[in-house]
Amino acid sequence: MDLRIREIDAREILDCRGNPTVQVDVILNDGTMGRADVPAGRSTGANEAKELRDGEKRYGGMGVRKAVANVKEIIQPEVKGMDASKQRELDAALIALDGTPDKSRLGANAILGVSLAAARAAANALHMPLYRYINVNAHVLPVPLLNLINGGKHASNDLEFQEFCIFPVGAETFSEAMEIAMAVYEELRMIIIEKYGKIAANVGDEGGFAPPIIKVREAMDNLVMAVERTPYANKIVYGLDCATTHLYNPETNKYTLEGNELTTDELLAFYKDLLKDYPIVSMEDPFSEDDVDGFVRATKELQIQIVGDDFLCTNPRLIKERVPLGASNALLLKVNQIGTLSEALDAAELAYRNSCGVMVSERSGETEDPIIADLVVGINAGQIKTGATIRGERTAKYNRLLQIEQELGSSAVYAGRNFKIPF
Ligand code: PGA
Ligand code: ZN
């Protein structure tokens with residue numbers, strides 16, 4: 001076995017929205033290959049690592065030929081001969097070669113593709129599933145957050161909050177969680193057709209329904225009704241991604257919601273009222289990405305899981321700076337927000353050491369690559385957000401988790417109600 005990198009290849013492929021993205025192959029001296037695809041966000045945070053887009057006519061400027069060329073012409077000669085299993089050394093070399101704080105020179109998409117493909121190649125060479133390669137103690141199957149109603153930047157409706165999710169926390173196993181999720185999905189589909197007509201049963205970017213709803217409570221009521229029509233109501237709680245960075249107007253310092261302009265206080269009062277009526281256990285980005293005070297107040301006053309997405313950007317520096325202030329108590333972990341596997345693992349570890357939960361997340365622009373399924377089990381995170389179930393790029397992750405559950409056999413533990421600290 002020779003784990004040194006012999007060759008790196010890359011190409012432009014398409015994500016689920018039909019936009020180009022980067023796919024990387026890392027080939028080792030012994031001939032083993034690891035392949036990884038890079039996802040892309042649409043409702044992005046300002047502090048994310050920067051993906052490189054060509055800005056040319058083709059694909060409306062979204063081409064990634066420059067990022068692909070950077071992998072082959074700049075990264076490959078530099079990391080050739082490095083041991084693919086020395087992930088930190090490899091990632092440090094990639095970061096140094098780029099030389100910018102946000103990976104904008106070579107592109108976070110170029111860098112992440114190499115970082116993830118190298119991990120896969122090393123795991124393959126060692127004949128280990130990736131989750132076990134990441135962690136010999138990997139055993140926790142996550143609670144899947146099914147975002148069954150999509151709004152915000154992910155849907156062509158006027159619903160402002162981006163994601164309305166169910167958490168099947170009362171399932172005994174991950175496979176039972178999927179059964180429950182699909183039962184709710186089907187009931188919700190029927191309800192949406194009954195209320196809004198069959199055209200409303202089309203789905204948004206992450207596979208949830210995107211009916212012509214404006215009000216948050218109307219979306220919640222539909223979801224609750226669907227849940228109550230199944231036999232699983234006592235096994236399900238709810239979560240929201242408010243994604244308020246995109247509702248915030250820095251000029252007025254207010255949030256646009258349901259035709260009103262709300263101050264931080266008013267939005268907080270809106271959340272408090274909502275929590276009185278619905279068993280919501282988790283809220284992501286309840287305030288905009290730089291509103292540290294808003295996050296501190298939400299964490300203290302709402303007493304539920306407050307997840308930092310745009311707010312923390314999987315960035316160890318932001319986690320260190322913001323979490324100890326009591327601003328959020330969970331990290332949304334998206335590998336492409338930071339751009340290397342080792343920095344993403346650092347982000348998770350920092351979160352744990354600050355008593356935070358970790359929710360591994362898809363991007364709205366995904367491919368069929370299920371790598372986050374291995375990652376979520378590899379870090380025993382307890383929660384995964386990977387869309388609703390009928391789009392193939394989402395089922396790819398669920399299907400990988402079903403395989404992992406079977407492989408782990410009796411050592412598999414479904415996080416369930418302990419999704420925040422699954423031990
Ligand atoms: P994105 O959205 O992938 O479009 O950024 C996901 C999220 O906000 O959680
Ligand atoms: Zn989000």
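Note that the coordinates shown come from a computational prediction; the quantities given were computed from them, not determined experimentally. Indexing begins at 1, ligand by ligand and atom by atom, following the structure's order.
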Closest approach of Gln305 and Met359, non-hydrogen atoms and distance? NE2-CE, 3.6 Å
Tell me, please, if Asp241 has any N/O/S atom, main chain or side chain, under 2.8 Å from the Zn ion (ligand 2)? yes
Which residue in the set Ile149, Leu257, Asn150 passes side-chain contact (heavy atoms from CB on, under 4.5 Å) when paired with Phe161? Leu257
Arg322 NZ/CZ over Phe311 ring centroid, <6.0 Å and within 45° of normal: yes
The Zn ion (ligand 2) to nearest N/O/S of Asp309 less than 2.8 Å: yes
Could you tell me whether Arg120 and Asp374 have a side-chain N and a carboxylate O separated by less than 4.0 Å? no
Indicate yes or no: at least one non-hydrogen side-chain atom of Glu12 is less than 4.5 angstrom from one of Arg58. yes
From the Zn ion (ligand 2) out to just under 2.8 Å, does an N/O/S atom of Glu284 turn up? yes
Ligand 1 N/O to protein N/O, distances under 3.5 Å:
from, atom 1, to, atom 2, distance (Å)
ligand 1, 2 (O), His154, NE2, 3.2
ligand 1, 3 (O), Arg363, NE, 2.9
ligand 1, 3 (O), Ser364, N, 2.7
ligand 1, 3 (O), Ser364, OG, 3.4
ligand 1, 4 (O), Arg42, N, 2.7
ligand 1, 4 (O), Ser43, N, 2.8
ligand 1, 4 (O), His154, NE2, 2.8
ligand 1, 4 (O), Ser364, OG, 2.6
ligand 1, 5 (O), Ser43, N, 3.4
ligand 1, 5 (O), Ser43, O, 2.9
ligand 1, 5 (O), Arg363, NH2, 2.6
ligand 1, 8 (O), Ser43, OG, 3.4
ligand 1, 8 (O), Gln162, NE2, 2.8
ligand 1, 8 (O), Asp241, OD2, 3.3
ligand 1, 8 (O), Asp309, OD2, 3.0
ligand 1, 9 (O), Asp241, OD2, 3.1
ligand 1, 9 (O), Glu284, OE2, 3.1
ligand 1, 9 (O), Asp309, OD2, 3.1
ligand 1, 9 (O), Lys334, NZ, 3.3
ligand 1, 9 (O), Lys385, NZ, 2.7

Set out, in order, the CA-CA distance, both residues' side-chain angles and the distance that settles ring-ring contact (aromatic ring centres under 6.0 Å, His included) for Tyr248 and Phe287, then state yes or no. CA-CA 8 Å; Tyr248 177 67; Phe287 291 101; 9.4 Å; no
Flag, side chain of Glu368 to backbone of Ala396, donor-acceptor distance under 3.5 Å: no
